[in-house]
Amino acid sequence: MARLIRKRETLLFLIIVLMIGVFSVRAADFATPSNLAGIFNDTSILIILALAQMTVILTKSIDLSVAANLAFTGMAIAMMNAAFPSLPLVVLILAAIAIGACLGAINGFLVWALEIPPIVVTLGTLTIYRGMAFVLSGGAWVNAHQMTPAFLSVPRTPILGLPVLSWVGIAIVLVMYILLKHTQFGRSAYATGGNPTAAVYAGIDTGWTKFLAFVLSGSLAGLASYLWVSRYAVAYVDIASGFELDSVAACVIGGISIAGGVGSVIGTVLGALFLGVIKNALPVIGISPFTQMAISGTVIILAVVFNARRERSRGRIILRDKAAAETPAEVAA
């Protein structure tokens with residue numbers, strides 16, 4: 001039991017429950033099932049983007065262009081839906097995933113083949129993809145009356161009490177858990193970020209693994225672009241502005257090491273839900289947007305400090321265990 005409580009995911013879950021209890025004192029309806037379901041639905045897109053970011057961070061990289069990818073892809077499929085209303089929804093969703101994957105592949109190729117630092121690559125493509133969205137649309141918006149009813153209604157359709165958007169979020173969580181926990185790619189991603197040198201000696205192509213991580217990140221951003229545009233019934237250049245930082249924050253809060261190779265899908269989901277609860281609760285209790293930003297930033301810094309201390313402690317424990325394992329003869333030798 002004590003070991004379970006010491007786990008990062010358990011502690012974060014308890015903090016979220018405590019936060020919900022505290023906020024419900026100020027707003028009586030905050031802890032109702034319908035409101036909590038609404039918070040999860042609001043956070044579903046962030047969960048998907050955070051899992052995309054997590055995949056890249058595990059390989060000791062980062063994707064600052066994930067929200068810009070969402071913006072360009074969302075604009076592209078919204079314009080496709082407006083120009084060709086007879087296109088089946090499945091085609092549009094597959095197109096969104098494919099476009100997102102191509103943009104992710106550009107990042108992955110630059111990091112893999114040209115060995116440019118990921119933060120430099122994605123900082124550049126962040127601006128490029130936003131610019132491409134502006135060029136594609138001419139700065140114009142695509143509004144609800146230009147989109148087809150099927151395009152807009154599917155993510156909002158309730159199934160068993162939850163909108164399709166929430167169910168998609170749950171499905172992505174399950175898929176990513178299986179992918180990272182039980183497949184060769186998942187093991188390669190952890191090894192690439194945890195110890196690249198050892199990974200190479202183990203026969204893992206670390207460059208190719210990073211490339212695949214960026215492609216997967218782009219694919220999830222492409223899927224999220226359709227969910228975003230259809231849910232909010234509008235596409236414009238600045239959609240999801242700042243979400244690249246929120247996705248990183250969700251990972252850090254959830255225990256994903258920026259140094260790579262450490263973290264879990266459950267932790268990332270809880271990190272996103274932590275931010276979702278804060279963003280939904282602070283306006284309800286009368287906290288200004290600027291104070292909300294300060295609180296969010298403080299939480300991120302504290303999470304980074306906590307992660308760093310935990311990793312140092314783990315290192316000391318490993319060294320102590322190795323020292324204890326040495327026999328007197330080995331020490332004398």
Side-chain angles (χ1 to χ4, degrees), residues 45 48-80 90-137 172 175-176 178-180 183-193 196 199-200 204-229 235 237 239-240 243-244 247-248 251 256 260 268:
I45 295 176
I48 294 172
L49 288 182
L51 290 173
Q53 189 72 255
M54 171 196 172
T55 308
V56 176
I57 291 177
L58 282 179
T59 65
K60 211 168 188 175
S61 302
I62 194 167
D63 188 358
L64 297 180
S65 69
V66 66
N69 185 330
L70 184 158
F72 173 78
T73 307
M75 179 63 75
I77 61 165
M79 293 178 67
M80 288 173 61
V90 173
V91 173
L92 292 172
I93 295 174
L94 291 176
I97 295 173
I99 294 170
C102 289
L103 298 182
I106 293 172
N107 290 334
F109 177 78
L110 294 173
V111 171
W112 171 35
L114 302 185
E115 298 184 351
I116 304 174
I119 192 170
V120 176
V121 169
T122 57
L123 190 60
T125 53
L126 179 159
T127 307
I128 293 171
Y129 296 163
R130 290 279 180 190
M132 287 167 54
F134 181 85
V135 171
L136 181 65
S137 64
I172 294 299
V175 169
M176 292 300 294
I178 294 171
L179 182 66
L180 294 175
T183 68
Q184 179 63 43
F185 168 76
R187 291 187 287 271
S188 297
Y190 277 100
T192 297
V200 170
I204 295 172
D205 189 335
T206 56
W208 177 246
T209 300
K210 289 183 179 182
F211 175 80
L212 291 179
F214 276 105
V215 172
L216 179 58
S217 175
S219 301
L220 291 176
L223 175 62
S225 73
Y226 162 69
L227 298 173
W228 181 292
V229 171
V237 174
I239 62 173
F243 258 60
E244 58 277 336
S247 66
V248 174
C251 290
I256 310 301
T268 302

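Just so it is clear, the values below take in all heavy atoms, side chains as well, and ignore hydrogens, waters and symmetry mates. Note that the coordinates shown come from a computational prediction; the quantities given were computed from them, not determined experimentally.
Residues that satisfy the side-chain contact (heavy atoms from CB on, under 4.5 Å) test with Thr122, not counting sequence neighbours, are Ile62, Asp63, Leu64, Ser65, Asn107, Thr125, Phe214. Under the side-chain contact (heavy atoms from CB on, under 4.5 Å) criterion, Leu179 pairs with Met176, Thr183, Phe185, Leu216, sequence neighbours left out. By the ring pair (Phe, Tyr, Trp, His ring centres under 6.0 Å) test, Tyr226 is found to be paired with Phe151, residues two or more places apart in sequence or in another chain being considered. Applying the side-chain contact (heavy atoms from CB on, under 4.5 Å) criterion to Val91, with sequence neighbours excluded, gives Leu87, Pro88. Taking Tyr129 as the reference, nothing meets the ring pair (Phe, Tyr, Trp, His ring centres under 6.0 Å) condition, with sequence neighbours excluded. Partners of Phe211 under the side-chain contact (heavy atoms from CB on, under 4.5 Å) rule, at least two apart in sequence or in another chain, are Ala105, Phe109, Trp112, Trp208, Val215.
Ile239 has its side chain within reach of Trp228: a pair of non-hydrogen atoms, C-beta onward, lies under 4.5 Å apart. When side chains are defined from C-beta on, Ser188 counts as touching Ile204, because their heavy atoms get closer than 4.5 Å. When side chains are defined from C-beta on, Leu51 counts as touching Met54, because their heavy atoms get closer than 4.5 Å. Using a 4.5 Å heavy-atom threshold, the side chains of Leu223 and Ile93 count as touching.
Under the side-chain contact (heavy atoms from CB on, under 4.5 Å) test applied with Ser61, the options Thr192, Val56, Val121 reduce to a single match, Val56.
Shown here is Leu136, whose CG atom has more than 12 heavy atoms of other residues, nucleotides or ligands within 6.0 Å.
When all heavy atoms of Ala199 and Thr206 are compared, the pair lying nearest together is CB-CG2, 3.9 Å. Closest approach of Ala78 and Ala235 over heavy atoms only: CB-CB, 3.7 Å. Val248 approaches Gln53 most closely through the heavy-atom pair CG2-NE2, 3.6 Å. The shortest heavy-atom contact between Ser247 and Val66 is OG-CG1, 3.9 Å. Shortest non-hydrogen contact noted between Met75 and Ala133 is CG-O, 4.1 Å. Across Gly222 and Thr73, no two heavy atoms sit closer than the pair CA-CG2, 4.0 Å.
Of the possible polar contacts, none joining the Ser217 side chain to the Ala213 backbone as a donor-acceptor pair under 3.5 Å is found.
Note that the CD1 atom of Ile77 and the CG atom of Leu94 stand 11.0 Å from one another [nearest 0.5 Å]. Taking OG of Ser219 as the start and CG of Leu103 as the end, the distance is 10.0 Å to the nearest 0.5 Å. With values rounded to the nearest 0.5 angstrom, Leu58 atom CG is found 11.5 Å from Thr209 atom OG1. In this structure, CD1 in Ile48 is found 5.5 Å from CD1 in Ile172, a value given to the nearest 0.5 Å.
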For side-chain contact (heavy atoms from CB on, under 4.5 Å), just list the numbers for Met132 and Ile128, CA-CA rounded to whole Å, side-chain angles, deciding distance to a tenth of an Å, and then say yes or no. CA-CA 6 Å; Met132 287 167 54; Ile128 293 171; 3.7 Å; yes
